[in-house]
Amino acid sequence: MRMSILFSQTLREAPADAEVRSHQLLLRAGFLRPLMAGVFSYLPLGQRTARKIEQIMREEIDAIGGQEIEMPVVHPAALWQETNRWYEIGSELGRFKDKNDRDMVLALSHEEVVADLLRREVQSYRQLPALVYHIQTKWRDDPRPRAGLIRSREFVMKDSYSLDRDQDGLDRQYRAHYQAYFNIFNRCALPTISVEADVGMMGGSMAHEFMYLAPIGEDSLLLCGNCGYRANRQIAVFQKSLAELEDPRPIEKVSTPDTKTIEGLANLLDVPKSRTAKAVFLVATLTEGQAKVDKLVFAVLRGDMDLSETKLANALEAKALRPAQEEEIRAVGAVPGYASPVGLNGVIVVVDDAIPDSPNLVAGANEEDYHLLNVNYGRDYQANVVQDIAAASKGDACPRCGATLSESRGVEVGNIFKLGTRYTVDTGATFSDEDGIEHPVIMGSYGIGVGRLMACIAEEHNDDYGLRWPITVAPYEVHLVALRGGFEAADDVYRRLQDAGLEVLFDDRDESPGVKFNDADLIGVPIRLTVGARSLDSGGVELKLRGEKESALVPLDEIVSRVQQLRQDLFDDIAAGVVEVPFEG
RNA sequence: CGGGGCGUGGCUCAGUUUGGUAGAGCGCUCGGUUUGGGUCCGAGAGGUCGUCGGUUCAAAUCCGGCCGCCCCGACCA
């Protein structure tokens with residue numbers, strides 16, 4: 001491609017509303033342009049990198065038996081009503097009506113359509129297992145898009161769907177994806193780890209997320225340096241410190257004026273936070289059939305622990321949780337800052353599983369400026385649910401080995417879900433076994449966001465001058481710069497490199513050397529060639545890698561073979577990083 | 001959805017406090033100059049100051065509504 005006709009320009013300065021490094025660079029280098037919040041156009045360079053990432057995904061999913069298909073972006077709402085997701089998912093799901101006033105859905109995922117295909121195409125166990133996938137646009141009307149492609153509303157996703165007759169088959173395909181995903185990320189030179197994850201709106205029984213560790217990441221991860229336990233904080237478990245065993249003592253009301261926080265309470269009464277009970281009020285949206293009902297939920301934890309809203313939502317099978325308003329809390333007779341489950345009616349009480357083993361806690365009296373001493377679960381109040389609803393934190397004990405957990409931030413670049421029969425029962429997607437008995441197909445679903453992956457690669461591979469693409473995903477392999485006195489020779493080199501099958505971005509513009517070098521650094525193509533009077537006088541073409549300072553001078557007649565060799569070396573370097581990863585889960 | 005910030009040529013911003021009819025740099029066009037790390041000089045094009053309404057002789061500037069964008073939180077590839 002000749003840069004004189006390339007349909008994009010570099011920007012000297014980043015647009016003011018880009019804060020994240022990858023976002024700034026992708027805009028400045030002319031890979032992306034914004035259309036509206038969370039929606040972007042891909043310019044030629046961005047499109048080429050995205051296509052390369054997609055091709056890597058294609059190859060790796062094909063290698064584990066995937067068959068590429070393409071499913072529609074617009075679905076009839078009726079199909080989503082069958083699986084209930086029409087009712088369960090909120091504003092994130094794009095909805096509109098067609099000309100006949102029929103409800104329509106913009107695809108945010110394709111489990112429903114796969115299930116619909118299944119009930120049409122698959123009747124027999126002989127047709128299983130199978131694996132289908134596509135690479136296609138999704139619309140998720142994210143409440144808060146941010147950081148460019150890291151979190152957008154419209155994005156392209158590679159989503160695959162495994163179809164099996166039994167759990168063993170699902171396990172096999174799940175593990176195959178686990179390795180394929182590491183292969184994909186390694187081929188993109190993006191370091192990632194897998195973590196145990198919540199199943200979220202996909203449903204199902206098991207999920208892993210693939211995380212690129214970075215400060216800009218929005219997920220908190222808990223990691224054990226000793227045994228390798230890794231989990232998203234949403235669902236991470238930990239060994240809870242045990243309270244001293246003591247006999248329950250009688251409840252005692254004490255005056256605690258102006259003491260609304262656990263911190264203040266522990267100080268005032270001179271007890272550790274673990275001897276207090278914390279009350280958290282939330283409103284949970286529960287589905288009863290197709291109807292949504294909001295219920296006030298009272299979560300009780302020990303004062304030294306934080307609530308995991310994900311764990312709580314899972315315990316209640318709630319579709320949404322939000323903090324309760326003060327009026328809603330007072331309406332049930334509780335007093336914010338002095339609340340406790342003692343004596344409350346008409347709320348759903350969920351108690352963390354550390355509470356029954358923690359006797360004689362300090363809890364609110366549901367009366368301004370008073371707390372109760374020696375509150376005991378079972379004797380003084382009951383719960384609707386007793387379950388682990390506490391969030392693990394840095395410093396907590398690893399659930400497996402007891403070592404100290406550390407915390408990191410990560411960007412979720414991919415995930416894999418064991419869906420089981422979550423979608424196939426509702427839709428009647430069944431097959432007949434050898435005995436003619438019908439069973440629902442067992443599904444898994446597996447997604448990687450193309451744009452987010454591209455942004456993470458950009459986030460990982462850049463320096464003060466611009467992007468530094470790994471050769472596997474670089475928009476071009478070679479950036480050829482023509483300078484004064486070298487245009488003719490460069491034109492010849494350009495043709496010969498192309499004839500040899502190399503991908504070349506040729507800067508044939510009438511610009512000063514400084515502009516060209518700066519643009520080359522900004523765009524970040526891995527191999528740079530410079531042809532000018534000076535290089536020709538010294539004997540040929542200057543060859544330099546984007547990541548390195550020093551350059552080499554290569555005679556004109558050797559340039560094609562040298563570049564081919566260098567290109568191969570760069571590919572080999574990345575291939576060396578594609579390794580077997582033992583499955584942990 | 002809660003909190004904060006911002007909307008002025010393609011981009012970065014000044015001008016708003018104290019109303020008087022819009023500016024700089026970059027980019028773009030033309031001419032010259034320069035030519036190995038964003039040359040320099042000159043000329044030029046380009047803006048209903050997000051939008052609607054109000055106050056006023058007069059509004060980018062003051063007041064109100066709406067829209068959009070960004071950041072922080074609750075949520076996701």
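From a predicted model like this one, the values you see are computed outputs, not experimental measurements.
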*Hey, does A/Q234 reach any base, or is it just sugar-phosphate, or nothing, if we go heavy atoms under 4.0 Å?*
sugar-phosphate
Residues of residues 448-459 of chain A with a heavy atom under 4.0 Å from any atom of RNA chain B, listed by number, are A/G449, A/R452
To the nearest angstrom, the CZ-C1' distance between A/R151 and B/A74 comes to 10 Å
Of the listed B/G25, B/C72, B/A77, the closest approach to the A/R144 side chain comes from B/C72
Fill in: Electrostatic pair A/D306:A/K278 at N-O distance under 4.0 angstrom
yes
When both distances are under 3.5 Å in a Watson-Crick or G-U wobble arrangement, the nucleotide paired with B/G25 is B/C11
task = Considering only NZ, NE, NH1 and NH2 on the basic side and carboxylate oxygens on the acidic side, decide whether A/R422 and A/E111 come within less than 4.0 Å.
result = no
Counting the atoms with a prime plus P, OP1 and OP2 as sugar-phosphate, which does A/A197 contact under 4.0 Å by heavy atoms, base, sugar-phosphate, or nothing? nothing
Any protein N or O atoms within reach of nucleotides 66-69 of chain B? Criterion: under 3.5 Å, listing atom names and distances.
unit_1 : atom_1 : unit_2 : atom_2 : d
B/C69  : OP1    : A/A37  : N      : 2.8
B/C69  : O2'    : A/D17  : OD2    : 3.2

Is the shortest side-chain N to carboxylate O distance from A/D521 to A/R468 below 4.0 Å? no
Name the orientation class of the two ring planes belonging to A/F281 and A/F298 (parallel below 30°, tilted from 30 to 60°, perpendicular beyond 60°).
parallel
Within the 4.0 Å heavy-atom criterion, would you say A/D219 contacts the bases, only the backbone, or no part of the nucleic acid? base
Quiz item: Taking the same atom, C1', in B/C40 and in B/C52, what whole-Å distance lies between them?
Solution: 47 Å
- Item | Sidechain N-carboxylate O distance under 4.0 Å for A/K138, A/D159 | yes
From CG of A/L307 across to C1' of B/G73 the rounded distance in Å is 15 Å
Taking any heavy-atom pair under 4.0 Å as a contact, classify A/E19: base, sugar-phosphate, or nothing. sugar-phosphate
Could you tell me whether A/E88 and A/R85 have a side-chain N and a carboxylate O separated by less than 4.0 Å? no
Of A/G148 and A/V413, the one whose nearest nucleotide on RNA chain B sits closer to the 5' end is A/G148
- Pick base, sugar-phosphate or nothing for A/P143, based on heavy-atom distances below 4.0 Å to the nucleic acid. base
Query raised in the report: When you compare B/G7 with B/C13, how far apart are their P atoms, in angstrom units rounded to a whole number?
Result: 10 Å
Across every strand shown, the nucleotide meeting Watson-Crick or G-U wobble geometry with B/C1 (both distances under 3.5 Å) is B/G73
Partner of B/U48 under the Watson-Crick or G-U wobble criteria, both distances under 3.5 Å, comes out as none
By the Watson-Crick or G-U definition, both distances under 3.5 Å, B/C6 is matched with B/G68
Quiz item: Which whole number of Å gives the distance between the C1' atom of B/U55 and that of B/C63?
Solution: 7 Å
Are A/E60 and A/R187 within salt-bridge range, i.e. N to O under 4.0 Å? yes
Considering only heavy atoms and no angle criterion, is a donor-acceptor pair shorter than 3.5 Å present between the side chain of A/R146 and the base of B/C72? no
**Prompt:** Given the C1' atoms of B/A43 and B/G36, what is the spacing between them in whole Å?
**Reply:** 30 Å
Are the charged groups of A/R509 and A/D507 less than 4.0 angstrom apart, N to O?
yes
| task | Would you mind checking if A/D219 and A/R409 are paired as a salt bridge, meaning a charged N to carboxylate O distance below 4.0 Å? | result | no
So CD of A/E196 and CD of A/Q234: to nearest 0.5 Å the spacing works out to 13.0 Å
### A/R151/A/D142 ion pair, N-O < 4.0 Å
yes
Quiz prompt | Spacing of the P atoms in B/G9 and B/A24 (rounded, Å) | solution = 14 Å
Each nucleotide N or O in nucleotides 35-44 of chain B that has a protein N or O under 3.5 Å away: list the pair and distance.
unit_1 : atom_1 : unit_2 : atom_2 : d
B/U35  : O2'    : A/R484 : NE     : 2.4
B/G36  : O2'    : A/R534 : NH1    : 2.4
B/G36  : O2'    : A/R534 : NH2    : 2.9
B/G36  : O6     : A/S535 : N      : 2.9
B/G36  : N1     : A/E542 : OE1    : 2.9
B/G36  : N2     : A/E542 : OE1    : 2.2
B/G36  : N2     : A/E542 : OE2    : 2.6
B/G37  : O6     : A/R528 : NH1    : 2.9
B/G37  : O6     : A/R528 : NH2    : 3.0
B/G37  : N1     : A/D521 : OD2    : 3.0
B/G37  : N2     : A/F517 : O      : 3.4
B/G37  : N2     : A/D521 : OD2    : 2.3
B/G38  : O4'    : A/N518 : ND2    : 3.3
B/G38  : O2'    : A/R12  : NH1    : 2.6
B/G38  : O2'    : A/R12  : NH2    : 3.3
B/G38  : O6     : A/R28  : NH2    : 3.1
B/G38  : N1     : A/D519 : OD1    : 3.4
B/G38  : N2     : A/D519 : OD1    : 3.2
B/U39  : OP2    : A/S512 : OG     : 2.7

Separation of B/C76 atom C1' from A/R233 atom CZ, nearest Å, is 18 Å
Given the options A/V504, A/L505, A/L45, A/M1 meets side-chain contact (heavy atoms from CB on, under 4.5 Å) only with A/L505
Taking the P atom of each, how far is B/G27 from B/C11, in whole Å?
15 Å
If you measure from the Lys or Arg side-chain nitrogens to the Asp or Glu carboxylate oxygens, is any gap between A/R146 and A/E218 under 4.0 Å? yes
Taking only the P atom of each, what is the distance from B/C75 to B/G19 in whole angstrom? 48 Å
If you measure from the C1' atom in B/U8 to the same atom in B/C49, how many Å do you get, rounded? 4 Å
